[in-house]
Amino acid sequence: MEARRVVENPTVPDLVAPILAWYDAHARDLPWRRPDASAWSVLVSEFMLQQTPVARVLPVHQAWLDRWPSPAALAAEASGEAVRAWGRLGYPRRALRLHAAAVAIVADHGGVVPDSYDALRALPGVGDYTAAAVAAFAYRQRQVVLDTNVRRVLGRAVSGVEFPPRSVTKAERAVAEELLPADPPTAATWSVAVMELGALVCTADRPRCPTCPVVDRCAWHTAGRPAYDGPPRPVQTYAGTDRQCRGRLLAVLRDAPGSVPKSRLDAAWDIADQRERCLASLVADGLVVATGSGRYSLP
């Protein structure tokens with residue numbers, strides 16, 4: 001098996017061997033990374049990990065697979081059960097999309113998570129990153145996998161910038177492709193290794209440069225770690241936002257065995273106009289259903 005390939009562009013440092021060696025020694029034991037993990041486990045984890053820390057995902061991922069060990073098991077239940085089981089992971093539309101993906105997998109792929117990038121990309125809720133990640137991590141294929149952590153590591157090490165652009169650029173993809181080992185299983189390990197380095201060492205805040213395996217060849221560190229000077233980075237807030245209001249309303253419905261009267265939802269949030277706006281948006285998103293007589297439920 002080829003451990004790495006020679007980087008032909010002298011402006012791109014050879015990062016592969018030291019990062020692979022670091023990953024061998026420091027990789028976390030996560031259920032979706034284990035050799036016996038199913039492609040369904042990997043797909044579920046990728047949906048759940050979007051904008052959500054690993055620590056919060058672990059118990060929900062396990063409970064989800066215990067209840068729905070296959071796409072067919074999830075597809076056989078109402079989408080509202082997926083929303084209920086999603087709990088407090090946040091961004092609950094991901095639960096609806098994962099349910100829709102399970103339905104499509106059953107209808108179009110015989111209940112088996114497809115192994116091609118194009119077929120994965122065609123599933124509901126699956127974008128470029130998720131399709132590439134599942135193809136790489138579940139099926140050990142050679143794919144360019146560019147999540148926020150990977151982009152940050154490569155941006156710092158190769159381009160010397162603290163943070164990458166908001167959207168993936170052609171230049172980023174070219175660098176990632178150049179570094180990607182030719183051997184597919186090694187390429188898959190490389191992709192998760194860079195991701196792990198970004199999660200544990202090359203973090204957005206307070207990166208642990210002294211412990212980084214490629215600090216000696218990192219363009220950003222060599223340049224004195226220049227501060228980010230691009231467009232303002234979005235700062236996420238939660239308290240008092242529509243997102244918090246929607247979460248409160250959904251929590252009422254998740255905890256109820258059936259429909260609830262509107263008065264129960266009214267009691268969950270004091271600001272009437274914001275509450276009504278958020279309830280309407282939940283209905284529009286398909287996360288809540290008006291069942292008549294002023295009652296609401298999960299779909």
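Please read these numbers as outputs of a predicted model, since none were measured by experiment. Heads up: numbering here begins at 1 and tracks the sequence. Computation of the quantities below employed the complete heavy-atom set of this structure, encompassing side-chain atoms and omitting hydrogens, waters and symmetry-equivalent molecules.
When side chains are defined from C-beta on, Arg152 counts as touching Thr148, because their heavy atoms get closer than 4.5 Å. Between Pro185 and Tyr139 the shortest side-chain heavy-atom distance does not fall below 4.5 Å. With contacts defined as side-chain heavy-atom distances shorter than 4.5 Å, the pair Val288/Pro299 does not qualify. Between Arg248 and Cys245, every side-chain heavy-atom pair lies at or beyond the 4.5 Å cut-off. A heavy-atom distance below 4.5 Å is found between the side chains of Phe137 and Val145. Residues Leu96 and Pro124 form no side-chain contact, since every pair of their non-hydrogen atoms from C-beta on lies 4.5 Å or further apart. Using a 4.5 Å cut-off on side-chain heavy atoms (C-beta onward), Val134 and Trp40 make no contact. Put simply, the side chain of Trp32 reaches to within 4.5 Å of the side chain of Leu49, judged on heavy atoms.
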Steps toward side-chain contact (heavy atoms from CB on, under 4.5 Å) verdict (Val289, Val283): CA-CA 6 Å; Val289 174; Val283 172; over 6 Å; no
Please report the C-alpha distance between Leu120 and Asp115 in whole Å, then the side-chain angles of each, then the deciding distance to 0.1 Å, and finally whether the side-chain contact (heavy atoms from CB on, under 4.5 Å) criterion is met. CA-CA 7 Å; Leu120 287 162; Asp115 61 1; over 6 Å; no
Begin with the C-alpha distance, continue with both residues' side-chain angles, and end with the deciding distance and a verdict on side chain to side chain donor-acceptor pair (under 3.5 Å) for Thr203 and Arg208. CA-CA 7 Å; Thr203 53; Arg208 299 165 50 211; over 6 Å; no
Might you work through the salt bridge (Lys or Arg N to Asp or Glu O under 4.0 Å) test for Arg173 and Asp128, ending with a clear yes or no? CA-CA 12 Å; Arg173 192 169 290 278; Asp128 168 72; 3.1 Å; yes
Please assess Val103 against Ile105 for the test side-chain contact (heavy atoms from CB on, under 4.5 Å), listing each intermediate value before the final yes or no. CA-CA 5 Å; Val103 171; Ile105 290 168; over 6 Å; no
Show your reasoning for whether side-chain contact (heavy atoms from CB on, under 4.5 Å) applies to Leu179 and Trp190. CA-CA 9 Å; Leu179 285 166; Trp190 157 253; 4.0 Å; yes
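In the hydrophobic clustering of this structure, Ile271 does not group with Leu282; members are Ile, Leu, Val, Met, Phe, Trp, Tyr whose side-chain heavy atoms approach within less than 4.5 Å, directly or through other members. Residue Leu200 is grouped with residue Leu197 when hydrophobic side chains (ILVMFWY) are merged at heavy-atom distances under 4.5 angstrom, including chains of intermediate members. Hydrophobic clustering (side-chain heavy atoms under 4.5 Å, transitive across Ile, Leu, Val, Met, Phe, Trp, Tyr) keeps Leu154 apart from Val215. In the hydrophobic cluster analysis, where Ile, Leu, Val, Met, Phe, Trp and Tyr join through side-chain heavy atoms closer than 4.5 angstrom, Val161 is grouped apart from Leu15. Using a 4.5 Å cut-off between side-chain heavy atoms of Ile, Leu, Val, Met, Phe, Trp and Tyr, with links allowed through other members, Val192 and Val150 fall into the same hydrophobic cluster.
Side-chain atoms of Ser191 come within 3.5 Å of backbone N or O of Ala187 as a donor-acceptor pair. Side-chain atoms of Glu196 come within 3.5 Å of backbone atoms of Arg28 as a donor-acceptor pair (strictly under, hydrogens ignored). No side-chain donor-acceptor contact under 3.5 Å links Ser41 to the backbone of Ala37. Arg84 places no side-chain N or O within 3.5 Å of a backbone atom of Leu298 that could act as its donor or acceptor partner. Checking side-chain atoms of Asp285 against main-chain N and O of Leu287 turns up no donor-acceptor pair under 3.5 Å. With hydrogens and angles disregarded, a donor-acceptor distance shorter than 3.5 Å links the side chain of Ser45 to the backbone of Val42. Trp86 places a side-chain N or O within 3.5 Å of a backbone atom of Gly90 that can act as its donor or acceptor partner. The closest donor-acceptor contact from the side chain of His61 to the backbone of Met48 lies at 3.5 Å or more, if one exists at all.
Geometrically, Arg156 engages Phe163 in a cation-pi contact, judged by NZ or CZ lying under 6.0 Å from the ring centre and within 45° of the ring axis. In this structure, Arg264 is not positioned above the aromatic face of Tyr296 in the sense of NZ or CZ being under 6.0 Å from the six-membered ring centre and within 45° of the axis.
Note that OG of Ser259 and CZ of Arg295 are 3.5 Å apart. Values are rounded to the nearest 0.5 Å. Interatomic distance, Cys212 SG to Ile19 CD1, rounded to the nearest 0.5 Å: 6.5 Å. Here the CG atom belonging to Asp108 is positioned 8.0 Å from the CG atom belonging to Leu123, to the nearest 0.5 angstrom. Note that the CG atom of Leu98 and the CZ atom of Phe47 stand 5.0 Å from one another [nearest 0.5 Å]. Atoms CE and SG, on Met195 and Cys202 in that order, are 13.5 Å from each other to the nearest 0.5 Å. Taking CG of Leu279 as the start and CH2 of Trp269 as the end, the distance is 13.5 Å to the nearest 0.5 Å.
Taking a cutoff of 4.0 Å between a charged side-chain nitrogen and a carboxylate oxygen, Glu177 and Arg142 qualify as a salt bridge. With respect to Arg217 and Asp14, no salt bridge is recorded, no charged nitrogen being found less than 4.0 Å from a carboxylate O. A salt bridge does not link Arg225 with Glu162: none of the charged nitrogens is closer than 4.0 Å to a carboxylate oxygen. By the 4.0 Å N-to-carboxylate-O rule, Lys262 lies close enough to Asp266 to be salt-bridged with it. Ion pairing between a basic and an acidic side chain is recognised when a charged N comes within 4.0 Å of a carboxylate O; Arg94 and Glu46 show no such pairing.
Closest approach of Arg121 and Val126 over heavy atoms only: NH1-O, 2.9 Å. Minimum interatomic distance between Ala119 and His109 (heavy atoms only, all atoms of both residues): CB-CE1, 3.9 Å. Minimum interatomic distance between Gln274 and Gly240 (heavy atoms only, all atoms of both residues): NE2-O, 3.1 Å. The shortest non-hydrogen separation linking Arg88 to Ala251 is NH1-CB, 3.8 Å. Of all non-hydrogen atoms in Glu172 and Ser167, the two that sit nearest each other are OE1-O, 3.6 Å. Between Leu43 and Thr130, the shortest heavy-atom contact is CD1-CG2, 4.2 Å.
Looking at Thr189 and Arg140, their side chains do bring a donor and an acceptor atom within 3.5 Å of each other.
Counted within 6.0 Å of CG on Asp270, heavy atoms from surrounding residues, nucleotides or ligands total 12 or fewer; the atom is thus considered open.
Below 30°, between 30° and 60°, or above 60°: for Trp64 and Trp68 the angle between ring planes is above 60°, a perpendicular geometry.
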